[in-house]
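Step one of this worksheet: look at the structure below.
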Amino acid sequence: MEPTRDYPLFGGAFSATLPPGAIDVSDFRPVPDNQEVFCHRVTDQSLIVELLELQAHVQGEEAARYHFEDVGGVQEARVVQVEAVRPLLLENLALRGCCQEAWILSGKQQVAKENQQVAKYVTLYQALLRLPQYQTDFLLTFNQPPPENRSSLGPEDLSLLPWSLGDFEQLVTSLTLHDPNIFGTQ
């Protein structure tokens with residue numbers, strides 16, 4: 001099994017531990033400057049790390065819900081359903097020194113992939129880390145689509161397990177700031 005690895009994000013301003021089999025999507029398609037996107041080598045799972053403008057008009061649990069619903073709107077989801085929202089303990093975060101509050105949300109969205117008519121339910125886990133001193137909401141998303149038929153995969157593909165919620169939590173808790181200049185002058 002391929003080991004997890006620390007990976008530089010946003011030009012090295014941040015780093016985080018990525019799960020095994022993570023492929024940087026920017027190696028084969030354009031990704032917005034405020035995002036880092038990774039896909040699983042075998043499954044349709046993906047991880048998105050986004051630097052967003054602080055949404056100061058929403059606080060607490062409602063901020064997590066706001067971002068989840070916003071992603072649903074961008075994805076043109078037919079159904080957006082929050083299942084649970086809970087606070088993350090700041091002391092477990094590498095960003096605890098600059099994160100004022102943190103939330104983790106689980107939910108489902110019914111979305112159709114590009115060029116497809118059929119919409120499928122995708123399970124999403126989102127972590128929202130709020131950095132008000134930098135006017136930033138850090139949104140990390142783990143997309144877990146329904147499992148596809150894996151019988152067409154070769155034995156080398158089956159050795160790489162799908163990502164788990166634990167892999168996502170490791171990404172979230174390991175996220176480290178190395179260069180606050182990424183936020184501009186404060």
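Values reported hereafter were calculated over all heavy atoms of this structure, with side chains retained and with hydrogens, waters and symmetry mates removed.
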**Prompt:** In terms of side-chain geometry, is the basic nitrogen of R65 or E61 positioned less than 4.0 Å from the acidic oxygen of its partner?
**Reply:** yes
**Asked** How long is the span from the CG atom in L131 to the SG atom in C99, to the nearest 0.5 Å?
**Response** 5.5 Å
**Item:** Test item: Q135 side-chain N/O and P132 main-chain N/O as donor-acceptor pair under 3.5 Å
**Value:** yes
**Request:** Please name the pair of heavy atoms, one in L171 and one in A16, separated by the smallest distance, quoted to 0.1 Å.
**Result:** CD1-CB, 3.5 Å
**Request:** Using the test ring pair (Phe, Tyr, Trp, His ring centres under 6.0 Å), find all partners of F68 that sit at least two apart in sequence or belong to another chain.
**Result:** none
**Message:** Same cluster or not: L128 versus L140, using hydrophobic residues (I, L, V, M, F, W, Y) connected whenever any side-chain heavy atoms lie under 4.5 Å apart?
**Reply:** no
**Asked** So how far is it from L177 CG to L9 CG, rounded to the nearest 0.5 Å?
**Response** 11.0 Å
**Item:** side-chain contact (heavy atoms from CB on, under 4.5 Å) between D70 and L52, worked out
**Value:** CA-CA 12 Å; D70 187 55; L52 301 171; 5.9 Å; no
**Message:** Looking at every heavy atom in both L95 and L175, which two are closest together, and how far apart are they?
**Reply:** CG-O, 3.3 Å
**Message:** Tell me if the CG atom of D27 is crowded by more than 12 foreign heavy atoms within 6.0 Å.
**Reply:** yes
**Request:** Apply ring pair (Phe, Tyr, Trp, His ring centres under 6.0 Å) to H67 and list each qualifying residue two or more places apart in sequence or on a separate chain.
**Result:** none
**Prompt:** Got a donor-acceptor contact below 3.5 angstrom from the E36 side chain to the F10 backbone?
**Reply:** yes
**Prompt:** Is there any salt bridge (Lys or Arg N to Asp or Glu O under 4.0 Å) pair reaching into residues 8-21, and which pairs are they, with sequence neighbours excluded?
**Reply:** none
**Fill in**
Of all heavy-atom pairs linking R130 and Q55, the shortest is NH2-O, 2.8 Å
**Message:** Any side-chain to backbone donor/acceptor pair from W163 onto S46? Under 3.5 Å, distance only.
**Reply:** no
**Asked** Looking at D167, D6, T176, which one forms a side chain to side chain donor-acceptor pair (under 3.5 Å) with T17?
**Response** D6
**Request:** Starting at CG of L51, measure out to CZ of F138 and round the result to the nearest 0.5 Å.
**Result:** 4.5 Å
**Fill in**
Nearest heavy-atom approach of Y134 to C98 is CE1-CB, 4.0 Å
**Item:** Rounded distance [0.5 Å steps], CG in N143 versus CG in L124
**Value:** 4.5 Å
**Asked** What residue among Q144, K108, Q45 forms side chain to side chain donor-acceptor pair (under 3.5 Å) with T123?
**Response** K108
**Asked** L90, W103: one ILVMFWY side-chain cluster at the under-4.5 Å cut-off?
**Response** no
**Asked** Nearest 0.5 Å, what's the OH-CD distance between Y66 and Q59?
**Response** 13.0 Å
